[in-house]
Novice: 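There's a structure below that I have some questions on.
Quick note on labels: first sequence line is chain A, next is B, and so on, each numbered from 1.
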Amino acid sequence: MTTPYAFSQSAFAGEVQQRWDHLQDGEESGVVVRVAGRVMLLRAQGKLAFATMRDSTGELQLFALAEVTESFAEFTHLHLGDWVGVTGEVVRTKRGELSVKVASWVRLAEAQHNFGDKWAGIADFDLRYRHREADLWANEKSRTTLARRSAVLQAVRQRCWADGFLEVETPILNAIPTGAAARPFVTYHHALDTEFYLRIAPELWLKRLVVGGFERVFELGRVFRNEGISPRHNPEFTMLELYRAYWDYQDMMAFTEELVAGVALDVLGTTEIQYQGRDLSLATPWPRHTMAELASASLGEEVSVHTPRARLASLAAERGVEVSAAWGPGRLLAELFEVTAEADLWEPAFVTEHPVEVSPLARRHRRDPELTERFESYVVGRELSNGFSELNDPVDQRRRFEEQARLGAAGDEEAMRLDEDYLRALEWGLPPTAGLGVGIDRLVMVLADEANIREVIAFPTLKPLTEGRD
RNA sequence: GCGCCGGUAGCUCAAUUGGCAGAGCAUUUGACUCUUAAUCAACAGGUUCCGGGUUCAAGUCCCGGCCGGCGCACCA
């Protein structure tokens with residue numbers, strides 16, 4: 001059976017509901033509309049039939065009568081999930097439901113599968129993630145969450161554009177995976193006979209654009225990290241990276257909290273929300289604490305990057321950290337922070353002044369060369385963003401890369417890779433610049449009240465099925 | 001990668017100590033002129049995730065595998 005190639009729709013369900021809200025029970029509007037959508041429910045009753053149709057704006061009842069509706073018998077045999085286009089007058093039934101009284105209709109597409117259960121929806125995670133289309137059809141929460149993701153992306157872009165940032169795109173296929181510490185995915189280009197890596201961060205490319213004179217740039221894009229999957233990690237995820245010449249990390253912290261709180265206002269109309277049943281305020285300003293302060297407070301003992309390495313190592317070991325001989329005091333301090341204080345940062349907060357040892361791209365702190373001018377924001381116990389005054393000294397940058405190379409040689413698979421082209425770019429002159437990275441998926445999780453990152457990704461990474469299930 | 005839990009009809013879920021594999025919805029058929037989770041009646045629907053094993057008998061117990069959820073590890 002051939003179905004139509006198009007349907008000229010004159011109104012959406014939501015519009016009809018609003019515009020004819022005033023109709024009294026049993027009243028007819030005299031206005032004919034053409035609406036289209038998916039049949040969600042069907043109640044056939046002899047010579048009458050009622051269907052609930054849904055389009056992207058809402059639901060609307062279709063009211064069919066044997067003496068009025070063309071092909072009435074076929075109408076009563078529509079399947080749940082079928083797409084229909086309907087022409088008819090807007091009326092309100094005697095029992096008070098605003099409806100389109102079906103004069104003519106056409107099936108636009110047939111649903112050959114259905115999930116049947118009208119109130120339980122689809123619960124099986126495997127089915128929901130592998131066939132998100134069925135999940136979206138069946139589950140309203142999935143629709144609102146993914147729509148909210150779109151709203152967040154729009155709000156982030158608009159705020160960046162409004163501040164004069166240029167949206168740019170940088171390579172995903174990279175000869176050298178760098179800009180972060182992570183295992184990359186490897187792929188291969190035939191014509192060039194070269195292995196490429198999917199990017200783990202766009203950071204170095206973006207700073208090269210700043211070197212070129214784009215003083216404000218951002219990229220909103222996918223990055224790929226070949227790491228474990230968890231409720232908070234998907235192998236590909238979306239990151240906002242943003243660079244602003246002439247700013248330092250303090251300026252960027254202020255920008256970050258305003259961005260996140262502003263997006264919450266744009267999307268939800270408030271900064272006062274609930275996450276997983278707990279109150280959460282995103283209102284600015286967010287408190288700032290140095291990493292050493294937080295670790296010291298949790299440990300009940302003053303520690304810093306200047307504490308003797310042996311002391312830091314024993315404190316870490318006491319707390320279950322498997323200390324590597326290659327770690328210096330900076331890495332140990334960062335590990336101590338992670339195992340003690342990190343999970344308690346429910347309300348938004350900035351952690352600042354990370355050790356140089358764990359921050360190979362950040363500029364040294366103006367008051368302590370063992371620290372950097374870096375910050376991370378934490379919300380609901382999770383890292384949400386990361387930023388710093390960018391290291392713009394090519395000599396120091398080379399030293400930092402070389403230190404990373406030593407770690408790599410010692411077996412650290414995630415040590416950052418040296419990029420000669422980037423060092424050369426720094427030699428052209430990077431102005432004082434602050435950078436920011438925001439995990440967009442995690443931001444959406446907070447604003448959509450979702451506990452699992454897969455819920456905020458339309459098609460999360462799953463292991464393919466080899467046989468058996470569809 | 002490790003541990004715990006789960007996988008039964010298209011969907012959501014039952015199935016006592018091992019004892020004939022079931023319900024609701026969906027599908028199909030019939031009744032019904034104001035339903036809205038419509039109602040009523042009937043028919044049909046199964047590789048109980050896959051492969052072994054124990055047993056007179058396995059959805060249930062044991063071993064291996066697949067997929068998923070959660071926790072841990074990993075994730076600067």
Novice: Would you mind classifying the nucleic acid contact of A:Phe63 as base, sugar-phosphate or nothing, using non-hydrogen atoms under 4.0 angstrom?
Specialist: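 It contacts base atoms.
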Novice: Using the P atoms only, state how far B:rC63 lies from B:rG71, rounded to an integer number of Å.
Specialist: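 Those two atoms are separated by 26 Å.
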Novice: Strictly by salt bridge (charged side-chain N to carboxylate O under 4.0 Å, His left out), give each pair with a member in residues 373-386 of chain A just once, sequence neighbours left out.
Specialist: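 Salt bridge (charged side-chain N to carboxylate O under 4.0 Å, His left out) check on residues 373-386 of chain A returns A:Arg366-A:Glu373, A:Arg374-A:Glu376.
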Novice: Rounding to an integer number of Å, can you tell me how far A:Glu342 CD sits from B:rA76 P?
Specialist: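 Distance check: A:Glu342 CD to B:rA76 P gives 10 Å.
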Novice: Base, sugar-phosphate, or nothing for A:Lys463, non-hydrogen atoms under 4.0 angstrom?
Specialist: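 Sugar-phosphate contact only.
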Novice: Which part of the nucleic acid, if any, lies within reach of A:Glu338 when heavy atoms closer than 4.0 Å are counted: base, sugar-phosphate only, or nothing?
Specialist: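 Contact class for A:Glu338: sugar-phosphate only.
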Novice: Please determine, for the side chain of A:Asp126, which listed nucleotide (B:rA38, B:rC67, B:rU33) has the closest atom?
Specialist: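 Within the option list, the nearest is B:rC67.
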Novice: Should B:rG71 form a Watson-Crick or G-U wobble pair with both distances under 3.5 Å, which nucleotide is its partner?
Specialist: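 Base-paired to B:rC2.
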Novice: Say we look at B:rG30 and B:rG69: how far apart would their C1' atoms be, to the nearest angstrom?
Specialist: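 That atom pair is separated by 44 Å.
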Novice: Measuring only between side-chain heavy atoms, which start at C-beta, is A:Glu70 closer than 4.5 Å to A:Val102?
Specialist: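 No, side chains not in contact.
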Novice: Would one find a side-chain N or O of A:Gln45 under 4.0 angstrom from OP1 or OP2 of B:rU39?
Specialist: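 Indeed not, no polar side-chain atom of A:Gln45 lies that close.
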Novice: Distance check: side-chain N/O of A:Arg130 vs OP1/OP2 of B:rG68, anything under 4.0 Å?
Specialist: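 Yes, such a contact exists.
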Novice: Between B:rC25 and B:rC40, how far apart are the two C1' atoms, rounded to whole Å?
Specialist: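 Those two atoms are separated by 16 Å.
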Novice: Going by an N to O cut-off under 4.0 Å, is there a salt bridge joining A:Glu403 and A:Arg399?
Specialist: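 A salt bridge is absent here (no side-chain N lies under 4.0 Å from a carboxylate O).
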Novice: Under a 3.5 Å limit for both distances, which nucleotide forms a Watson-Crick or G-U wobble pair with B:rU8, could you say?
Specialist: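 The answer is none; no pair meets the criterion.
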Novice: Are A:Arg364 and A:Asp396 ion-paired here, with the side-chain N under 4.0 Å from a carboxylate O?
Specialist: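 Between A:Asp396 and A:Arg364 there is a salt bridge, with a charged N closer than 4.0 Å to a carboxylate O.
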Novice: Pick the C1' atom in B:rU17 and in B:rU36, then give their distance to the nearest Å.
Specialist: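 To the nearest whole Å, 46 Å.
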Novice: Could you tell me whether A:Glu455 and A:Arg128 have a side-chain N and a carboxylate O separated by less than 4.0 Å?
Specialist: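 Yes.
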Novice: For B:rG59 versus B:rA21, give the span between their C1' atoms, rounded off to a whole number of Å.
Specialist: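 8 Å, rounded to whole Å.
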Novice: Assess whether a salt bridge exists between A:Arg107 and A:Glu74, defined as any Lys/Arg side-chain N lying under 4.0 Å from an Asp/Glu carboxylate O.
Specialist: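 No salt bridge links A:Arg107 with A:Glu74.
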Novice: Check whether any side-chain N or O of A:Asn226 sits under 4.0 Å from OP1 or OP2 of B:rC74, and answer yes or no.
Specialist: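 No, no such contact exists.
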Novice: Between A:His365 and A:Tyr249, how do the two ring planes meet: parallel, tilted or perpendicular, split at 30° and 60°?
Specialist: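 A:His365 and A:Tyr249: perpendicular rings.
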Novice: If you compare every side-chain N and O of A:Arg225 against the phosphate oxygens of B:rA76 (OP1, OP2), does one of them come in below 4.0 Å?
Specialist: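 The answer is yes; a side-chain N or O of A:Arg225 sits under 4.0 Å from OP1 or OP2.
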Novice: On RNA chain B, nearest-nucleotide positions of A:Thr93 versus A:Arg374: which is more 5'?
Specialist: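 Closer to the 5' end of RNA chain B: A:Thr93.
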Novice: Could you measure between the two P atoms, the one in B:rC34 and the one in B:rC13, and give it in whole Å?
Specialist: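 Approximately 35 Å lies between the P atom of B:rC34 and that of B:rC13.
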Novice: What interatomic distance, in whole Å, is found between C1' of B:rC66 and the corresponding atom of B:rA31?
Specialist: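 So the two C1' atoms sit 48 Å from each other.
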Novice: Under a 4.0 Å N-O cut-off, is there an ion pair linking A:Glu450 with A:Lys141?
Specialist: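 A salt bridge is present here (some side-chain N lies under 4.0 Å from a carboxylate O).
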Novice: Could you run down nucleotides 22-29 of chain B 5' to 3' and tag each one B, S or - for protein heavy-atom contact under 4.0 Å?
Specialist: --BBSSSS
Novice: Could you check which nucleotide pairs with B:rA14 in any of the strands shown, counting Watson-Crick or G-U wobble with both distances under 3.5 Å?
Specialist: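 WC or wobble partner does not exist here.
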Novice: Roughly how many Å is it from NZ in A:Lys101 to P in B:rU33, rounded to a whole number?
Specialist: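 Taking NZ of A:Lys101 and P of B:rU33, I get 17 Å after rounding.
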Novice: Nearest whole Å is fine: how far is B:rC49 P from A:Asp124 CG?
Specialist: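 The distance from CG of A:Asp124 to P of B:rC49 comes to 12 Å, rounded to the nearest Å.
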Novice: For B:rC11 and B:rU27, measure between their P atoms and round to the nearest Å.
Specialist: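 Per the computed distance, 15 Å lies between those P atoms.
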Novice: Could you check which of B:rU36, B:rC13, B:rG69 has an atom nearest any side-chain atom of A:Phe125?
Specialist: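 Side chain of A:Phe125 sits closest to B:rG69.
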